[in-house]
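To start, I am sharing the structure in question, which I have written as structure tokens.
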Amino acid sequence: MNTVNQLKMEFSSRPENVAFARVAVAAFAAQLDFTLNDLEEIKVAVSEAVANAIIHGYGNSPDGIVRVGAVITDRMLEVRVEDDGRGIADVKRALQPSFSTDPDRMGLGFVFMQSFMDRVQVESAAGKGTRVIMSKVPECSGAEAAAARAGH
Amino acid sequence: MNTVNQLKMEFSSRPENVAFARVAVAAFAAQLDFTLNDLEEIKVAVSEAVANAIIHGYGNSPDGIVRVGAVITDRMLEVRVEDDGRGIADVKRALQPSFSTDPDRMGLGFVFMQSFMDRVQVESAAGKGTRVIMSKVPECSGAEAAAARAGH
Amino acid sequence: VGEIRRFLRDDSPVKVSRSIKETAYRIQQARERLTGKLGREPAVGEVAAELGIPREEVVTALEAAQSPASIYETLHQ
Ligand SMILES: Nc1ncnc2c1ncn2[C@@H]1O[C@H](COP(=O)(O)OP(=O)(O)O)[C@@H](O)[C@H]1O
Ligand SMILES: Nc1ncnc2c1ncn2[C@@H]1O[C@H](COP(=O)(O)OP(=O)(O)O)[C@@H](O)[C@H]1O
Ligand SMILES: [Mg+2]
Ligand SMILES: [Mg+2]
């Protein structure tokens with residue numbers, strides 16, 4: 001079985017949409033056998049990526065559009081968060097723990113994404129917008145865990 | 001203040017996405033001062049429209065795309081549910097209570113939409129897909145209710 | 001990153017602290033309390049403020065409470 005369920009969303013770069021995007025992606029992801037803890041982690045990762053698009057990508061202007069895509073295949077969730085904002089000149093540096101271009105921020109967004117998702121890829125360049133692609137596979141759970149316990 | 005917050009979603013015409021769309025639209029609508037009861041009504045209306053797109057529009061094939069848009073202005077939620085499916089030849093007849101082209105169904109979907117939303121408009125033609133546009137204004141509540149009581 | 005992950009898992013404020021059903025129950029209680037106090041149905045923002053949770057989380061908790069057998073049970077805490 002290699003079914004694919006697809007979701008694409010686009011919304012205004014308004015801060016109130018961070019919470020919306022978080023619960024929407026979690027509601028979609030809940031179709032896979034994620035644990036509660038997994039879903040919480042996905043919510044944090046999505047919040048961080050969407051907040052970055054709004055705050056850094058669009059400099060808090062509400063006129064930008066944030067695109068969030070989610071794909072569910074048999075065993076995996078992939079989430080994309082994209083903006084057409086100012087982009088990141090040095091992606092490697094941006095990914096460093098506690099690096100931030102804003103002295104008031106903690107610079108831990110990418111660290112959270114990397115800790116909570118299995119894989120995180122960042123595509124960006126100055127003036128070219130940013131795309132964050134993250135994926136996560138449910139921990140051994142449900143039927144599978146039962147089967148594992150039963151020694152199958 | 002006439003701010004606009006916009007959401008556009010596209011997803012596969014799979015039955016599991018009815019529940020997803022319902023929660024996503026209600027979560028987005030929660031930015032307005034709807035009561036919990038209003039939000040329940042919005043969920044039912046969205047469920048019915050999305051279910052129609054999947055069941056009738058695409059004849060339960062999972063390969064179609066359902067588009068759901070939501071716009072929040074200062075005082076109002078507008079929701080659009082669109083499919084590129086088989087369309088409705090006679091919209092007026094389809095809107096009649098208990099009319100259904102499927103003898104196993106109750107034909108109450110449009111009745112629910114019309115009773116739970118303030119306004120429902122259906123644009124469709126045979127072979128041309130279907131678009132349902134619904135809007136709802138929060139009942140007098142919050143600041144406004146307080147102002148009303150204070151006699152403003 | 002492995003260590004941070006462990007740290008966040010063990011100590012995160014995000015950690016699952018309350019059951020979904022409990023949150024849904026608290027929402028219903030807040031709703032009744034506010035209805036009494038305000039003399040009308042509270043708006044979702046008022047319920048959220050009363051409980052100190054985001055508006056969106058009120059929506060997902062209620063979905064869970066309504067269809068306890070559904071996948072949305074796993075959605076909210
Ligand atoms: N979507 C984006 N557009 C532009 N710059 C970004 C984007 N996302 C991240 N960045 C850059 O990467 C840095 C690190 O991001 P992050 O780890 O989330 O920390 P913080 O948001 O606290 O600054 C940000 O300070 C910013 O310079
Ligand atoms: N998106 C759609 N595409 C094609 N036909 C539709 C669509 N939505 C509704 N219809 C038609 O309108 C009829 C009435 O819809 P509804 O009131 O929801 O009742 P039911 O779904 O129980 O049949 C359906 O039986 C169907 O023939
Ligand atoms: Mg950040
Ligand atoms: Mg119907």
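Throughout, a chain's letter reflects where its sequence line sits, starting with A, and its residues are numbered from 1.
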#### Entry: Contacting region of C:Val47 [heavy-atom separation from chain B under 4.5 Å]
side chain
### Summary
So, the part of B:Leu36 with a heavy atom under 4.5 Å from chain C: the answer is both
### Task
Can you sort out the partners of B:Arg131 under side chain to side chain donor-acceptor pair (under 3.5 Å), two or more places apart, ordered by chain and number?
B:Glu82, B:Glu123
### Query
If you take all heavy atoms of C:Val59 and B:Val23, which pair is closest and at what distance?
CG1-O, 4.1 Å
### Query
Is C:Arg40 paired with B:Glu139 through a side-chain N to carboxylate O contact shorter than 4.0 Å?
no
### Query
Are there more than 12 heavy atoms of other residues, nucleotides or ligands under 6.0 Å from atom CE of B:Met106?
no
### Task
Over all heavy atoms of both residues, which pair between C:Val44 and B:Ala30 is shortest? Give the atoms and the distance, please.
CG1-O, 3.5 Å
#### Entry: Contacting region of B:Asn37 [heavy-atom separation from chain C under 4.5 Å]
both
### Query
Quick one: CZ on C:Arg55 to CG on B:Asp33, what's the gap to the nearest 0.5 Å?
5.0 Å
